[in-house]
Student: 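Quick one: the structure is below, and I'll ask about it shortly.
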Amino acid sequence: MTLEKLWDKEWKSQIMEIALRRVRTMVSPRQFQIFSCYVINGWTPERVKEELGVNAAQVYLAKHRVGRLLKKEAARLSAEGQR
């Protein structure tokens, strides 16, 4: 892997890490927990429902809402870094 590719990979990783921290403060702790288990940890919706005591609608809603905010925040941070 070239140095440039390594740099890009690290840059994107840092952007996502910062975006995740910021988004975590924008949503309820419960919604972030559901998102984290399902999207970040890769749990199945069934496992999320069972472990956290939520229904399928809550799982998919958290994924949609938090995911949308995360994409928006990551794009904003990336644009700031381009300046």
Side-chain angles (χ1 to χ4, degrees):
M1 189 178 275
T2 67
L3 183 58
E4 188 174 327
K5 286 182 182 178
L6 263 170
W7 175 260
D8 286 345
K9 183 178 178 183
E10 183 62 27
W11 173 255
K12 288 176 185 175
S13 176
Q14 289 299 315
I15 292 285
M16 287 307 290
E17 193 174 308
I18 294 166
L20 261 175
R21 283 199 310 260
R22 290 185 180 180
V23 166
R24 186 179 204 146
T25 67
M26 297 176 189
V27 298
S28 73
R30 185 68 166 168
Q31 203 167 47
F32 191 83
Q33 181 184 33
I34 294 167
F35 175 83
S36 179
C37 290
Y38 183 45
V39 177
I40 297 170
N41 297 337
W43 292 8
T44 64
E46 290 74 27
R47 181 174 177 195
V48 175
K49 288 171 17 185
E50 189 175 294
E51 298 273 341
L52 302 181
V54 296
N55 62 45
Q58 290 171 295
V59 174
Y60 296 118
L61 187 60
K63 178 187 177 202
H64 174 73
R65 285 184 178 167
V66 178
R68 184 182 65 220
L69 286 171
L70 184 59
K71 286 179 189 173
K72 191 175 185 179
E73 187 64 19
R76 191 181 68 72
L77 288 167
S78 187
E80 284 180 8
Q82 301 288 325
R83 294 180 192 166

Student: Does Ile18 belong to the same Ile/Leu/Val/Met/Phe/Trp/Tyr cluster as Val27, with side-chain heavy atoms less than 4.5 Å apart forming each link?
Tutor: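 No: no chain of side-chain contacts under 4.5 Å links Ile18 to Val27.
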
Student: Determine whether Ile34 and Leu20 fall in the same hydrophobic cluster, where Ile, Leu, Val, Met, Phe, Trp and Tyr are linked whenever their side-chain heavy atoms lie under 4.5 Å apart.
Tutor: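 Same hydrophobic cluster.
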
Student: Looking at every heavy atom in both Ala74 and Ile15, which two are closest together, and how far apart are they?
Tutor: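 Distance-wise, the nearest heavy atoms are O-CG2, 3.6 Å.
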
Student: If you apply the rule side chain to side chain contact (heavy atoms under 4.5 Å, CB included), what do you find for Leu52 with Arg30, and how did you get there?
Tutor: CA-CA 9 Å; Leu52 302 181; Arg30 185 68 166 168; 3.8 Å; yes

Student: Which donor-acceptor pairs under 3.5 Å do the side chains of residues 59-70 make with protein atoms, sequence neighbours left out?
Tutor:
residue: His64; atom: NE2; partner: Arg68; partner atom: NH1; Å: 3.3

Student: Could I get the full list of salt bridge (Lys or Arg N to Asp or Glu O under 4.0 Å) partners for Glu50, not counting sequence neighbours?
Tutor: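 Partners of Glu50 under the salt bridge (Lys or Arg N to Asp or Glu O under 4.0 Å) test: none.
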
Student: Could you label the plane-to-plane angle of the Phe32 and Phe35 rings as parallel, tilted or perpendicular, counting under 30° as parallel and over 60° as perpendicular?
Tutor: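 Phe32 vs Phe35 ring planes: tilted.
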
Student: Apply side chain to side chain contact (heavy atoms under 4.5 Å, CB included) to residues Leu77 and Arg22 and explain how you reach the verdict.
Tutor: CA-CA 11 Å; Leu77 288 167; Arg22 290 185 180 180; 3.1 Å; yes

Student: Do the charged groups of Glu73 and Arg76 touch, with an N to O distance under 4.0 Å?
Tutor: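 Yes, charged N to carboxylate O under 4.0 Å.
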
Student: Residues in side-chain contact (heavy atoms from CB on, under 4.5 Å) with Arg47, at least two apart?
Tutor: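 Expected list: Trp43, Thr44, Glu51.
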
Student: Can you establish whether the number of heavy atoms outside Glu4 located under 6.0 Å from its atom CD is more than 12?
Tutor: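 12 or below, so no.
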
Student: About how many Å separate CG of Leu3 and CD of Glu10, when rounded to the nearest 0.5 Å?
Tutor: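 Going from CD on Glu10 over to CG on Leu3, the span is 11.5 Å.
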
Student: Ignoring hydrogens and angles, tell me if any N or O in the side chain of Gln14 forms a donor-acceptor pair with the backbone of Trp11 under 3.5 Å.
Tutor: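 Side chain of Gln14 to backbone of Trp11, a donor-acceptor pair under 3.5 Å: no, none is there.
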
